Amino acid sequence: MKRFVKSLLLLALGLSLHLGTAVAGNKGWPSQINFGLIPTESSSGITDRYDSLARHIEKKLGIPVKMQVATDYAGVITAMQFKHIDLAYFGPKSYVEASQRAGAEAIAMEVMEDGSKGYHGIIITRKDSGIQSVEGAKGKIWAFTDPNSTSGTLVPTVHFVKTLKIDPEKHFSRVIFSGSHESSILAVKSGKVDIASTNDLDLERGNGKQWNSDKDFRVLWTSPLIPGSPMACRKDLPESLKKALKDAYLSYSDAEGLKKLKLKGFAPASDSTYDPIRDQIEVKKQLERKK
């Protein structure tokens with residue numbers, strides 16, 4: 001009995017020392033990590049897709065992780081600006097905006113299933129639309145996604161104006177913002193719009209569920225590689241927490257979770273990774289000034 005009691009006391013002492021070390025090492029950490037997600041699809045769809053990753057981060061940090069989906073891309077930027085979220089999944093353009101306005105700091109980036117550290121913007125139409133090119137879609141209805149979307153707005157706009165010499169507002173009979181990649185793709189499928197911009201990753205994420213990519217759509221244009229979407233945290237978080245978050249992303253290897261995300265995993269990223277997007281934003285501004 002004495003040995004048993006002694007063992008319990010030693011165990012309790014060990015746990016106490018362990019917890020004391022953890023608390024000391026985690027000074028300034030929040031009691032909960034609020035994880036913001038841009039609305040690339042429905043709220044339930046994106047939270048389901050990122051649930052395994054959130055639970056992995058939760059386990060690695062020992063802190064509850066709560067996912068929050070905004071109604072638009074700007075909502076996630078604003079939420080980080082006012083410290084309502086600590087961590088976020090951004091698109092490249094929305095990250096650049098968040099780095100300026102909200103002190104966002106890129107810590108990891110998506111790696112595609114083929115190992116490439118990026119994705120492609122695409123322009124799609126229905127397979128049976130008869131439209132063979134963007135130029136041939138004159139007078140049709142066009143859909144961008146969100147004003148802060150990279151592949152859904154920034155990249156195609158630069159392509160229109162710089163390469164095709166097209167003003168979307170004049171070329172198409174109507175230009176709308178659908179709000180998300182999923183909405184744009186479904187709008188093309190249903191015939192509500194004739195042509196839209198999205199990306200190959202989000203097209204693949206819904207393939208076999210809400211649409212059949214090969215049977216439903218024709219891809220009219222594919223952009224050069226866009227840097228993989230960043231996972232970013234607030235710059236003012238403790239350095240130990242930022243390192244722990246980065247390590248959590250880089251160690252994520254759940255096969256089923258990665259299958260849902262259509263990713264191979266995550267790779268290190270830094271603010272400079274998105275300098276090419278800053279260049280695109282500047283080009284867009286220059287083109288708009290020349291109008």
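Side chains included, hydrogens not; waters and symmetry mates left out as well; all remaining heavy atoms used. These figures come from a predicted structure and were not determined experimentally.
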| CH2 of Trp142 to OG of Ser173: how many Å apart, nearest 0.5 Å? | 13.0 Å

| task | Establish whether Leu37 and Leu201 are linked, either directly or via other cluster members, by ILVMFWY side-chain heavy-atom contacts under 4.5 Å. | result | yes

| Would the Trp221 and Phe160 ring centres measure less than 6.0 Å apart? | no

| request: Classify the side-chain pair Asp271/Tyr95 by whether it contains a donor and acceptor separated by less than 3.5 Å. | output: yes

| query | Heavy-atom count around Arg101 CZ within 6.0 Å, excluding the residue itself: above 12? | reply | yes

| Salt bridge flag under 4.0 Å for residues Asp48 and Lys260 | yes

| query | Do Lys60 and Ser251 come within less than 4.5 Å of each other through their side chains, counting heavy atoms only? | reply | yes

| request: Begin from the C-alpha positions of Ile281 and Lys285 and carry the test side chain to side chain contact (heavy atoms under 4.5 Å, CB included) through to its verdict. | output: CA-CA 6 Å; Ile281 293 171; Lys285 288 178 179 177; 3.8 Å; yes

| request: State the CG-CG distance between Leu237 and Leu87, to the nearest 0.5 angstrom. | output: 8.5 Å

| message | With a sphere of 6.0 Å drawn around CD of Glu256, does it hold more than 12 non-hydrogen atoms of other residues, nucleotides or ligands? | response | no

Pairs of donor and acceptor atoms involving the side chains of residues 103-112, under 3.5 Å and at least two apart or interchain, shall be tabulated with distances.
residue : atom : partner : partner atom : Å
Glu105  : OE1  : Lys242  : NZ           : 3.0
Glu110  : OE2  : Tyr50   : OH           : 3.2
Glu110  : OE2  : Arg205  : NH2          : 3.2

| query | In Å and rounded to the nearest 0.5 Å, what is the OG1 to NZ distance from Thr157 to Lys284? | reply | 5.5 Å

| note | Taken to the nearest 0.5 Å, the spacing of Ile57 CD1 from Met67 CE works out to 9.5 Å

| message | Checking Asn212 now: which residues fulfil side-chain hydrogen bond (donor to acceptor under 3.5 Å, both in side chains) with it, not counting sequence neighbours? | response | none

| In Å and rounded to the nearest 0.5 Å, what is the OG to CG distance from Ser180 to Asp202? | 8.5 Å

| message | Side chains of Leu261 and Arg49, heavy atoms from C-beta outward: is any pair under 4.5 Å? | response | yes

| said: Please evaluate residues Leu220 and Ile124 with respect to the criterion side chain to side chain contact (heavy atoms under 4.5 Å, CB included), reporting the C-alpha separation (whole Å), side-chain torsions for both, the decisive distance (0.1 Å), and the verdict. | reply: CA-CA 6 Å; Leu220 301 176; Ile124 62 170; over 6 Å; no

| query | Does the Ser149 side chain pair with the main chain of Thr145, one donor and one acceptor, at a distance under 3.5 Å? | reply | no

| message | Pairing donors with acceptors under 3.5 angstrom, does anything connect the side chains of Trp29 and Ser240? | response | yes

| query | Are side-chain N/O atoms of Ser184 and Ser178 paired as donor and acceptor at under 3.5 Å? | reply | yes

| message | So which atom in Tyr119 and which in Gly228 form the shortest heavy-atom distance, rounded to 0.1 Å? | response | CD2-CA, 4.3 Å

| query | Should Lys162 and Val283 count as side-chain neighbours, where that means a heavy-atom distance under 4.5 Å? | reply | yes

| task | Could you check if a side-chain atom of Leu250 sits within less than 4.5 angstrom of a side-chain atom of Pro268, using non-hydrogen atoms only? | result | yes

| query | Is there a side-chain contact between Val161 and Ile166, using heavy atoms and a 4.5 Å cut-off? | reply | no

| query | Which residue pairs satisfy the ring-ring contact (aromatic ring centres under 6.0 Å, His included) criterion with at least one member in residues 244-263, sequence neighbours excluded? | reply | His56-Tyr252, Tyr249-Phe266

| query | Taking only residues two or more places apart in sequence or in another chain, which ones pass side-chain hydrogen bond (donor to acceptor under 3.5 Å, both in side chains) with Lys127? | reply | none

| query | Mind checking whether Val155 and Val188 sit in one hydrophobic cluster, side chains of I, L, V, M, F, W, Y counted as touching below 4.5 Å? | reply | no

| message | Ignoring hydrogens, what is the shortest heavy-atom contact between Leu203 and Ile122? Give both atom names and the distance. | response | CD2-CD1, 3.7 Å

| Is there a path from Val158 to Leu164 through hydrophobic residues (I, L, V, M, F, W, Y) whose side chains come within less than 4.5 Å of each other? | yes

| message | Strictly distance-based, threshold 3.5 Å: is any side-chain N or O of Ser129 a donor or acceptor partner for the main-chain N or O of Thr125? | response | no

| Looking at Ala88 and Val76, what are the two nearest heavy atoms and their distance? | CB-CG1, 3.9 Å

| task | Scan side-chain atoms only and decide if Ser272 and Arg278 contain a donor-acceptor pair under the 3.5 Å cut-off. | result | no

| field | Contacts of Gln280 that satisfy side-chain hydrogen bond (donor to acceptor under 3.5 Å, both in side chains) - sequence neighbours left out | value | none

| task | Would you check, one step at a time, whether the test side chain to side chain contact (heavy atoms under 4.5 Å, CB included) holds for Ile123 with Ile195? | result | CA-CA 7 Å; Ile123 293 175; Ile195 181 172; 3.6 Å; yes

| request: For residues Tyr274 and Ser229, report the shortest heavy-atom separation together with the two atoms involved. | output: OH-C, 3.8 Å

| said: Can a side-chain donor-acceptor contact be found between Thr198 and His181 if the only test is distance below 3.5 angstrom? | reply: yes

| task | Report yes or no: do Lys93 and Asn148 form a side-chain donor-acceptor pair below 3.5 Å? | result | yes

| Donor-acceptor under 3.5 Å (Thr153 side chain, Thr150 main chain) | no

| Partner residues of Lys138 under the salt bridge (Lys or Arg N to Asp or Glu O under 4.0 Å) criterion, sequence neighbours left out | none

| message | Taking the side chain as everything from C-beta on, heavy atoms only, tell me whether Asn34 gets closer than 4.5 Å to Val65. | response | no

| Has the side chain of Glu97 got a donor or acceptor atom that lies under 3.5 Å from a matching backbone atom of Ile77? | no

| Any donor-acceptor pair under 3.5 Å from Arg126 side chain to Lys189 backbone | yes

| Step by step, would you call Asn199 with Ile226 a side chain to side chain contact (heavy atoms under 4.5 Å, CB included)? | CA-CA 10 Å; Asn199 63 71; Ile226 299 168; over 6 Å; no

| query | Same hydrophobic cluster for Trp211 and Ile46, using side-chain heavy-atom links shorter than 4.5 Å among ILVMFWY? | reply | no

| Is there side-chain contact between Pro39 and Tyr73, with heavy atoms separated by less than 4.5 Å? | yes

| query | Do Ile176 and Ile131 sit in the same hydrophobic cluster, where Ile, Leu, Val, Met, Phe, Trp and Tyr count as joined when their side-chain heavy atoms come under 4.5 Å apart? | reply | no

| message | Closer than 3.5 angstrom, by distance alone: can the side chain of Ser213 be matched with the main-chain N or O of Asn207 as a donor-acceptor pair? | response | no

| field | Approximate separation, where rounding is to 0.5 Å, of Asn26 CG and Ile63 CD1 | value | 6.5 Å

| Shortest non-hydrogen contact from Ile141 to Asp194? | N-OD2, 2.7 Å

| request: State plainly whether the residues Arg55 and Glu58 are in salt-bridge range, i.e. N to O under 4.0 Å. | output: yes

| Are the side chain of Thr273 and the backbone N or O of Ser270 linked by a donor-acceptor pair below 3.5 Å? | yes

| query | So, does Lys83 use its side chain to make a donor-acceptor pair with the main chain of Met80 at under 3.5 Å? | reply | no

| request: Would you check if the side chain of Ser151 reaches a backbone N or O of Gly121 as a donor-acceptor pair within less than 3.5 Å? | output: no

| request: Please tell me if the side chains of Phe35 and Val69 come closer than 4.5 Å, counting only heavy atoms from C-beta onward. | output: no

| request: State whether Glu113 and Lys259 are salt-bridged, where the test is any N-O pair (Lys NZ or Arg NE/NH1/NH2 against Asp/Glu carboxylate O) under 4.0 Å. | output: no

